[in-house]
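Sequence lines set the chain letters: A, B, ... in the order given, protein chains first and strands last, and positions in each chain run from 1.
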Number of protein chains: 4
Amino acid sequence: MDALPKIRTLAVMTAGGDAPGMNPCIRAVVRTALHYEMKVLGVMGGFDGLIRGNFIPLGARDVGGILQRGGTILQTARSKTFLEPAAQQEALRQLNAAGVDALVVIGGGGSQRGALALHQRGVPVVGVPASIDNDIYGTDICIGVDTALNTIVDAIDKLRDTASSHNRAFLVETMGHESGYLALQAGIISGAELVLIPEIETSVEAVAQAIQDAYRRGKTHAIIVAAEGARPSVTELASQIDEMEVGFTMRVTILGHIQRGGKPSAFDRLLASRLGTKAVEFLHQGRSGVMVGLSGREVVAVDLAEVAARKRDLPLEYYQMAITLAR
Amino acid sequence: MDALPKIRTLAVMTAGGDAPGMNPCIRAVVRTALHYEMKVLGVMGGFDGLIRGNFIPLGARDVGGILQRGGTILQTARSKTFLEPAAQQEALRQLNAAGVDALVVIGGGGSQRGALALHQRGVPVVGVPASIDNDIYGTDICIGVDTALNTIVDAIDKLRDTASSHNRAFLVETMGHESGYLALQAGIISGAELVLIPEIETSVEAVAQAIQDAYRRGKTHAIIVAAEGARPSVTELASQIDEMEVGFTMRVTILGHIQRGGKPSAFDRLLASRLGTKAVEFLHQGRSGVMVGLSGREVVAVDLAEVAARKRDLPLEYYQMAITLAR
Amino acid sequence: MDALPKIRTLAVMTAGGDAPGMNPCIRAVVRTALHYEMKVLGVMGGFDGLIRGNFIPLGARDVGGILQRGGTILQTARSKTFLEPAAQQEALRQLNAAGVDALVVIGGGGSQRGALALHQRGVPVVGVPASIDNDIYGTDICIGVDTALNTIVDAIDKLRDTASSHNRAFLVETMGHESGYLALQAGIISGAELVLIPEIETSVEAVAQAIQDAYRRGKTHAIIVAAEGARPSVTELASQIDEMEVGFTMRVTILGHIQRGGKPSAFDRLLASRLGTKAVEFLHQGRSGVMVGLSGREVVAVDLAEVAARKRDLPLEYYQMAITLAR
Amino acid sequence: MDALPKIRTLAVMTAGGDAPGMNPCIRAVVRTALHYEMKVLGVMGGFDGLIRGNFIPLGARDVGGILQRGGTILQTARSKTFLEPAAQQEALRQLNAAGVDALVVIGGGGSQRGALALHQRGVPVVGVPASIDNDIYGTDICIGVDTALNTIVDAIDKLRDTASSHNRAFLVETMGHESGYLALQAGIISGAELVLIPEIETSVEAVAQAIQDAYRRGKTHAIIVAAEGARPSVTELASQIDEMEVGFTMRVTILGHIQRGGKPSAFDRLLASRLGTKAVEFLHQGRSGVMVGLSGREVVAVDLAEVAARKRDLPLEYYQMAITLAR
């Protein structure tokens, strides 16, 4: 451990899609680094900003008042070029030019792969998982998921009010192009009759049946939650089911980008604070090439190579639970 | 006044699109009626329910715990048949068969016309304006508008988080097929650069210009709020502006039915309680054929005939205010 | 009107207790002033800051992102010295030294009196009413009241959950030393059995009776809302009633300062935006010595002398409504 | 396992202090039991209700619409008598008389001891941990903690608005007579300068110092979070520190019972649904005398005897983290 030189300057960045809780994480990184007497630079605009050498100094007051703010004060972007060696080389040059000794990368799965690339080029780096899709291997949960779930559940609670008043069935689309995690959890906790996810195929008939069953059981409304990537899509379903006799009239709601915003929840603020703190402590202790993750009550380090190589799987027992609890 | 017989049985119904605050209004009607020793019946399912004679008895405890619930426990529907004389005749027969002496109709503009039709057939009736579109003549504001505005503003606050983090411009569609009221108010209080409403034509170029101006003034995001009925539509705008150089990338969010739901706000609970109370008091005093409305600090009665005949106009000074305040 | 010189520099300040909505009001004042090509200075720290000459320049970007923030970025204080002529004289000197041509004062009743004093000394000044107590003459409602009511109602909704689960009666104290406005409105919209306000005396026995009546009517809880200034106090009531047999066990909750905070509601944002805009427009038109106020749908100007001299009265019909609706 | 007879009738109860999430847990118990073709009875009013034989039948529709409701539809109480053998004997008699084959007890530490007593008398019983204090051994987290934390954080966010506007320091008291868990977590995620908990003694001087340090670092406010059971108390602190020169003026807020109420958060709904489902599954599989608990991503069974015997300890690393992050 003492082989590694002391960190005098730490850089911190957010990358990929934004997630609520990135700001409290930045705050934890900055203030823990100051506690260890490091100087801190923020990278503006994700990996593209890193390539452009877009650094700003960050002091204790610069991260005051951001605990409760959604989004990221460092801005972010989905970089298309960072997987190319030339771009990574340029990033390395910028980090050296700015005198950066170590880097914390807060972001989703793609960003962790970017962090791994920099680690392999010799930059001391620790990743922090932030993604509302909860699709990163190596952590029980990512920063942003809890806030997104609360946003979804609030929205569906509102839809249920109007659905009940009009004898309607709502098809609600959540985020999740490749992962059904958000949709599945949201379905259970908002009392959906059925959840449609990319991982499991469902027929139009099965959806129609679930809606009709709800009607027959005396419910005044029915809710179907579908991930963005599920097929058939909510609009296809609505138009086809509207012509069957299911008891309710059909409506579609696409929740969209509101799922990314909002004041971070208590859970996300705590998770972000813990992971951000630990990321700096690991670097301070000479560890690198890892991502911090939640494992039960503990924060652990997982090799970035393992994070990049493995896929998180969906707890499919939830699928049955959603159906059982909707009866 | 003493010509009218004492009301022994009062019926109350909700009609048209649901609006948050209908429940506290039902509660106020029921409990004020009980205070005057009336018996109360609820009509389930709007005018169609009235035609089918779908009445339920309502006591003080039946409306307990509904103050904070969105939607309407009496359910509602947009009736297609009630404008026909035969339907009205049948409603009259059902009211007589159930021994109903007077009726309170809580609903939008169409529902007030339904109330007027019953009044003209001799039913003592008072209307209560509830509509998130705020498009009813005779009241400063309708039940439901305030809650809907809070829902919209909360959603746009969330979008702003993610817009700022990604340098994006959001085109946000609110409800409002024929009226730009909601969109205009929402635009002012959520800091939109521009508001698109059915009442005012706007070109694609003007929208692009407003977005580009925001970018040049150093904003990290831009918000455009558009009513459902405004042209061009948000999706048309997004695809056309995305090909121009405006500084931001474009995203569309259609808020949809969440705007109708949600716990009624403090304002809507108070408005609903006051209007519901006054509706029963007017009937108790022998008045009929009127709608209760808010006028400044007072609750007043407006002839239903006038409500049906006149159109509420939009305060267009708000349009300029939105632009001035967005600078 | 054209006698008055053109305003080149406008100052804006907040004074007295803070109220949610002050920030959107500051934003509206600044941006409307910029629209009229005025330069804007903010006074930091209320009247005491004015006496110290604590000015900061305010541009369009300085008030970006404050629409949704509670409190006031200009800070505020309850000044003890401003009623003295020497203090006013010093304020005048500071305004002149800074080249201020006109002033907007956002605050409560005391602050409007301060504004009047400056007007009488020749400063072109317009007041804007902001106070969660809603105790200012000349406006239907003050900035901050609506947000405070929503905060109170949310809190009482939470208390009702736990009260119902334990068969408890809650005595809830709201702000309001001399005015029962907040308590009365909150009582109606949160389903309180009884409301205690400074303006009306109530005996311990009457409170006990109201709680016992609720128990006998089959309610699972009872809520009593009391303004801070009401007598007997909630703690006195709790200890005395706990020894009587009223069916429920008693609990006390003092809501305290959370009532002043929170993201401004949609209503307060709109009210603050309208009043702030109009304050600057009035000054631009050469008007001074007035407070802007809401009157129905319109924003009007009221003489500050009248505002200072008259007392707003409480709509006591609400008192009976609270009791009727609680049955 | 097959030694145990099949469960035909299952009873479910809530006991001890109420916690948000009890309702979704009841729903999960009822619907999972129905899935296994059990009949379900609800015990009204906790252990005292059990002794009185206060059972109600629960079908699928009886638990419809309670997912989003705080408190418990089965009501609850802190029983003083249930630790006596006679009371337990009577409970046993009532369970037998009602034909109950197994019991689910949702509640805090005391309730789990009650569940153990019944298990020892031969009743097949599974406990579910629900307590906002998070003071139960055997689970990462209890039902209700997450919602309570969100309520606390929302309240402190509001206090910060007004604190910043007035240069004030707030002493905020959270629940927690014997455990500092809530206060500690709340302190970290609301940016408190210092947290006072029963487990760690703090001097008045240390609190004054922390507040003064915040002032000197340029903060516009300071927040101190204290658990109910911490000494010195918030009122003692306020009066003593007000006489020192710390830069800010002091204010006290006691959050009180609102911490128990509120719509269960997404996290609590999911946790409650999972634990409730698993409790029934364990009973169905013939397990008894255990409490279900969250361990990482899994739901596990812990012996009730161990739950009763062991004490959960507080992660004191959080204490330092709160201080580091407040800088």
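Taking chain C as the reference chain and counting heavy-atom pairs below 4.5 Å, the highest number among B/T147, B/L294, B/T277, B/T151 is found for B/T277. Each of B/E298, B/R312, B/Q185 has some count of heavy-atom pairs under 4.5 Å with chain C, and the biggest count is that of B/R312. Residue with the most contacts toward chain C among B/R61, B/K219, B/R217: B/R61 (heavy-atom pairs, distance under 4.5 Å). Heavy-atom pairs under 4.5 Å with chain C peak, among B/V153, B/L67, B/V63, at B/L67. In terms of non-hydrogen atom pairs under 4.5 Å with chain C, the most contact-rich of B/G296, B/G276, B/A266 is B/A266.
Annotation: residues 315-327 of chain B contacts chain C through B/Y318, B/Q320, B/M321, B/T324, B/L325, B/A326, B/R327 [non-hydrogen atoms, separation under 4.5 Å]. Contacts between residues 29-36 of chain B and chain C, counted as heavy-atom pairs separated by less than 4.5 Å, involve B/R31, B/T32, B/L34, B/H35.
Residue B/R168 qualifies as enclosed at atom CZ: its count of foreign heavy atoms under 6.0 Å is above 12. Counted within 6.0 Å of CZ on B/F282, heavy atoms from surrounding residues, nucleotides or ligands total more than 12; the atom is thus considered enclosed. Other residues, nucleotides and ligands place more than 12 heavy atoms under 6.0 Å from the CZ atom of B/F248.
The side-chain heavy atoms of C/D154 and B/K263, taken from C-beta on, include a pair separated by under 4.5 Å.
The contact between B/N150 and chain C is made by backbone and side chain atoms together, counting heavy-atom distances below 4.5 Å. Of the two parts of B/R160, only the side chain, counted from C-beta on, holds a non-hydrogen atom closer than 4.5 Å to a non-hydrogen atom of chain C.
How far CZ of B/F267 is from CD1 of C/I141: 7.5 Å, rounded to the nearest 0.5 Å. To the nearest 0.5 Å, atoms CG (C/D146) and CG (B/D146) are separated by 5.5 Å. From C/S265, atom OG reaches atom CG of B/L149 across 10.0 Å, with rounding to the nearest 0.5 Å. For the atom pair CD of B/Q68 and OG of C/S190, the computed distance is 9.5 Å after rounding to the nearest 0.5 Å.
Shown here for C/R27 and B/I188, the closest heavy-atom pair between the two residues is NH1-O, 4.2 Å. Among all heavy-atom pairs drawn from C/R297 and B/T139, the shortest one is NH2-O, 3.0 Å.
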